[in-house]
There are 2 protein chains.
Amino acid sequence: MGQGSESHDVETDTDGRTNDAAPVALESHLGYQLKHLQTALRSRMDETLRPLGLTTPQYNCLEQLRRRPGASNSELARGAFVTRQTMNTLLRGMQDRELVTRPVKADSGRVLPTRLTPAGERLLDRAASRVEAISDRMVSPLDEETRTMVTEALGLCIAALEAPENG
Amino acid sequence: MGQGSESHDVETDTDGRTNDAAPVALESHLGYQLKHLQTALRSRMDETLRPLGLTTPQYNCLEQLRRRPGASNSELARGAFVTRQTMNTLLRGMQDRELVTRPVKADSGRVLPTRLTPAGERLLDRAASRVEAISDRMVSPLDEETRTMVTEALGLCIAALEAPENG
DNA sequence: AAATGTATGTCAGAATACTTACATGGGTCA
DNA sequence: TGACCCATGTAAGTATTCTGACATACATTT
């Protein structure tokens, strides 16, 4: 093995006392776990989607579209946690590949309702089953009760972070 | 209100039948919750760090460095879930700001052990207390028991995703 | 009806992170 | 010792996403 793999036991507390200044193990920080898991999930999704010519953001967009047919660009952006501009770029690419369609001109307002094409739906079906396999693998160590508890807990964290600070 | 805020009750089942193909609510998908929470956390961290002239990745790097003084660039990259090149750029910028130091030449091997400067430590202290406030706010709705349970559950998910598939 | 406010779609430029690639240093093992 | 392998640091180019800006369309208010 290389010299980069040595153990770093910074958090080992030999005398058992709690130390205010001592850094807690990173693995006990939710934020760190979050980033770690997200990174791992993203990697697996990209891997499994690559054979289909899709990236994870593109898949997310298609999935949004299945749930909200005719959604606007801005709406999709909010649902995928990216900016309008990013979603716009994503949609352009998928329009060129005939996976989604958008009217050239808006019926009313400026909203251009986007929809999946039949080809887009077919590709999404294939992608979804692959992604589901990854998702299942991710939660496989958790029993049903734990899964719902974790999901609910994360929902509470989201709400706490998105709530206005103090006014 | 604008026309983008209409309700989209895609999963409302008017006839009460359960539909196999019907998409489950996004909020029940752990992957989606993960992305949502991560996005929210990142936003709050960037906000709170901006006054200090730090970005979230830079803060992560400094935090790593406190826990592993003298760590190599590659080691820091792995710990922060970015590529070596990205971490290299990050370190350059913080070297220029005299927050970290790296020897020009390696004692042995190619590893250039990085360390925090006193100024870096001071800035990190200020940053850490701000980040901790965000972190506390995030987990504030969770009791102690739930926190550890969630952290452990996420750890299991990480392991499941990172384990070699089947070979 | 005019003014105001808000949401949308889109362009341009900047920032960020990644992929590919290569040279170097140091272990491992025949 | 030499061949091999792996990890590191770094450069160049690409891809992705963001920030800032602007014009348009509708709703609301007065």
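A note on names: the letters A, B, ... follow the listed sequences, proteins ahead of strands, and every chain is numbered from 1.
Rounded to whole Å, the distance from CE on A:Met87 to C1' on D:dT16 is 13 Å. The separation between A:Arg84 atom CZ and D:dT24 atom P is 16 Å, rounded to whole Å. In this structure, B:Leu90 places its CG atom 9 Å from P of C:dT16, rounding to the nearest Å. D:dA25 atom P lies 13 Å from atom CG of A:Asp107, rounded to whole Å. Put simply, CZ on A:Phe81 is 17 Å from C1' on D:dC18, counting in whole angstrom units. Here the C1' atom of nucleotide D:dC26 and the CG atom of A:Leu112 are 15 Å apart, to the nearest Å. When rounded to the nearest whole Å, the span between CD of A:Glu75 and P of C:dG9 equals 9 Å.
In this structure, A:Arg66 does not pair ionically with A:Glu121, as no charged nitrogen and carboxylate oxygen lie closer than 4.0 Å.
Comparing the local axis fitted to the first five base pairs of the helix from C:dA1-D:dT30 to C:dA30-D:dT1 with the one fitted to its last five gives a bend of 30°, rounded to 10°.
Remark: the backbone N or O of B:Glu145 is paired with a side-chain donor or acceptor of B:Thr148 at under 3.5 angstrom. Looking only at distances, a side-chain donor or acceptor of B:Arg97 sits under 3.5 Å from a matching main-chain atom of B:Gly53. No side-chain donor-acceptor contact under 3.5 Å links B:Thr86 to the backbone of B:Val82. With hydrogens and angles ignored, the 3.5 Å screen pairs no side-chain donor or acceptor of B:Arg44 with any backbone N or O of B:Ile134.
Here CG of B:Leu116 is found 13.5 Å from CD of B:Glu98. Values are rounded to the nearest 0.5 Å. Rounding to the nearest 0.5 Å gives a distance of 13.0 Å between CG of A:Leu37 and NZ of B:Lys35.
The side chain of A:Asn88 places an N or O atom within less than 4.0 Å of a non-bridging phosphate oxygen (OP1 or OP2) of C:dT10. Neither OP1 nor OP2 of D:dT16 sits under 4.0 Å from any side-chain N or O of A:Arg92. OP1 or OP2 of C:dA17 has not a single side-chain nitrogen or oxygen of B:Thr83 nearer than 4.0 Å.
Of the two residues near DNA chain D, B:Asn73 and A:Val82, the one whose nearest nucleotide lies more 5' is B:Asn73. Looking at which nucleotide of DNA chain D each of B:Ser74 and A:Arg42 is closest to, the 5′-most match is held by B:Ser74.
By the 6.0 Å contact criterion, CG on A:Asp107 is open, its count of non-hydrogen atoms from other residues, nucleotides or ligands being 12 or less. Within 6.0 Å of CD on B:Glu47 lie more than 12 heavy atoms contributed by other residues, nucleotides or ligands.
Using a 4.0 Å cut-off on heavy atoms, the residues of residues 47-58 of chain B that approach DNA chain C are B:Pro57, listed by number. Residues of residues 96-103 of chain B having a heavy atom closer than 4.0 Å to DNA chain C: none are found.
A donor and an acceptor atom never sit less than 3.5 Å apart when one is taken from the side chain of A:Gln85 and the other from the base of C:dG13. A:Arg78 contributes no side-chain N or O that forms a donor-acceptor pair with the base of C:dA7 under 3.5 Å. Residue-to-nucleotide contacts include a donor-acceptor pair under 3.5 Å from the side chain of A:Arg110 to the base of D:dA23.
Within the 4.5 Å cutoff, side-chain heavy atoms of B:Arg102 are placed close to those of B:Leu91.
Side-chain contact of B:Ser43 with B:Asp46: a donor-acceptor pair under 3.5 Å is absent, judged by distance alone. Remark: the A:His29 side chain and the B:Glu132 side chain contain no N/O donor-acceptor pair separated by less than 3.5 Å.
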